[in-house]
Structure formats: C-alpha cells, structure tokens
Amino acid sequence: MENCIFCQIISGDIPSSKIYEDDHVLAFLDLSQTTKGHALLIPKTHVRNVLDMSQEVAETTFSRLPKIARGLQKATGAKGMNIINNSEEIAGQTVFHAHIHLVPRYSDDDSFSVNYTVHEPDFVALGQLAEQIAKEVEQ
Ligand code: AMP
Ligand code: ZN
C-alpha cells in the first residue's frame with residue numbers, strides 16, 4: 001500500500017535490519033530498540049492490525065512467532081520476551097500495518113515494563129460478560 005512505511009520496507013524501498021523472511025512474513029529490528037533485539041514481525045499482506053486480520057493471514061503470521069522468538073532469544077541471551085500487538089491508536093498503534101513486537105527481557109529494570117490494574121474478581125459479572133462476548137465471536 002502506498003504511503004505505508006512497512007509496505008515500503010517489504011518492497012525494499014526503505015532499508016531494514018532483516019532477521020527473518022519468507023513468502024508471507026518479514027521480521028526486522030525495531031529502530032527504537034526498547035531493549036536489545038527488539039524486533040517486529042509483519043505480514044507481507046497489508047492489513048491495518050489484528051482487528052482487521054483474516055484467519056489466513058493470522059495463521060501465516062502468528063505461526064512464525066515461536067521460531068523467530070527462539071532465534072532472537074538464542075542470539076541475545078534474553079531470559080524471556082514480551083510479545084505485544086497494539087491494535088488502533090487507543091492501544092498505542094502508531095504504524096497502521098499490522099505488526100507484532102518481540103521485546104527480549106533481561107532483568108526487572110531493563111527499559112521495558114508492563115503495568116496493569118488487577119481488580120477483585122466479580123464472578124457474576126465475568127459470567128455475563130463472557131456470554132455476551134462469546135455470542136459475538138464468529139464460529
Ligand atoms: P506501534 O507503536 O505498535 O505502532 O509500533 C510501531 C513501531 O515501529 C515503533 O516501535 C517504531 O519504533 C517502529 N518503526 C517505525 N519506523 C520504523 C522503521 N523504518 N524501521 C524499524 N522500525 C520502525
Ligand atoms: Zn502496509
């Protein structure tokens with residue numbers, strides 16, 4: 001897609017530090033290097049984000065994750081990894097070509113952290129919400 005920075009990386013018009021490529025996906029180092037080895041995995045098909053992704057594109061994209069993550073861990077010596085997708089602006093998406101962040105983790109005080117609030121469980125509300133969502137999920 002014209003004007004998409006990640007499509008331009010796929011076509012080679014913009015350079016990238018490639019770590020994996022096949023017919024369906026490309027993985028390369030994120031310029032921001034939140035931690036050493038921070039990488040992005042993208043489908044070669046232009047889709048906006050996970051909310052916009054077909055099962056077919058999801059299968060080819062997500063199925064590559066474990067082997068790329070393992071290679072990244074081996075090369076960097078990371079102890080673990082955060083694997084993140086930001087879908088839409090409210091969730092922090094800034095580049096609107098779907099991508100999965102692989103952020104290798106080295107210690108509690110490396111330059112990445114995950115913070116979210118944990119609420120006391122309300123089992124009635126959980127049950128009702130689950131039912132409502134399940135109805136909306138395509139079979
Ligand atoms: P997000 O905020 O989830 O949309 O992430 C977009 C990511 O793309 C950011 O972490 C940027 O650092 C990264 N990024 C933007 N342009 C490039 C580029 N040309 N090469 C590598 N990473 C990029
Ligand atoms: Zn694109």
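All values below come from the heavy atoms of this structure, side chains included, with hydrogens, waters and symmetry mates left out. One-based numbering, in listed order, for ligands and for the atoms of each.
Within His46, the N/O/S atom positioned nearest the Zn ion (ligand 2) carries the name ND1. The Zn ion (ligand 2) is closest to atom ND1 of His97 (considering only N, O or S atoms).
The closest protein non-hydrogen atom to atom 9 (C) of ligand 1 is Asp30 OD2, 3.4 Å. Protein heavy atom in closest approach to atom 4 (O) of ligand 1: Thr94 N, 2.7 Å. Ranking the protein heavy atoms by distance from atom 1 (P) of ligand 1 puts His99 NE2, 3.1 Å first. Nearest to atom 16 (N) of ligand 1 among the protein's heavy atoms is Ile5 CD1, 3.9 Å.
Between Tyr20 and Leu26, the closest side-chain pair of non-hydrogen atoms is not below 4.5 Å. Side-chain contact between Val103 and Met81: absent, with no pair of heavy atoms (C-beta onward) separated by less than 4.5 Å. Asn86 places a side-chain heavy atom less than 4.5 Å from the side chain of His101.
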Exercise for the section: Output, in order, the C-alpha distance, side-chain angles, deciding distance and verdict of ring pair (Phe, Tyr, Trp, His ring centres under 6.0 Å) for Phe112 and Tyr106. Expected result: CA-CA 10 Å; Phe112 184 85; Tyr106 301 94; over 10 Å; no
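Other residues, nucleotides and ligands place more than 12 heavy atoms under 6.0 Å from the CD atom of Glu88.
At a 4.0 Å heavy-atom cut-off, ligand 1 does not touch Thr34 at all. Residue contacts with ligand 1, taken as heavy atom pairs separated by less than 4.0 Å, involve Phe28 solely via side-chain atoms from C-beta onward.
The N/O atoms of Val95, backbone and side chain alike, include one that comes under 3.5 Å of an N/O atom in ligand 1. Remark: ligand 1 and Leu31 share an N or O pair separated by less than 3.5 Å (distance only, no angle test). Annotation: His38 places no N or O atom under 3.5 Å from an N or O atom of ligand 1; distance criterion only. At least one N or O atom of Gly92 sits closer than 3.5 Å to an N or O atom of ligand 1.
One distance of note links NZ of Lys44 with NE2 of His97; it measures 10.5 Å at 0.5 Å rounding.
Counting only N and O atoms by type, the side chains of Gln55 and Glu59 include a donor and acceptor under 3.5 Å apart.
The shortest heavy-atom distance from Leu40 to ligand 1 is under 4.0 Å.
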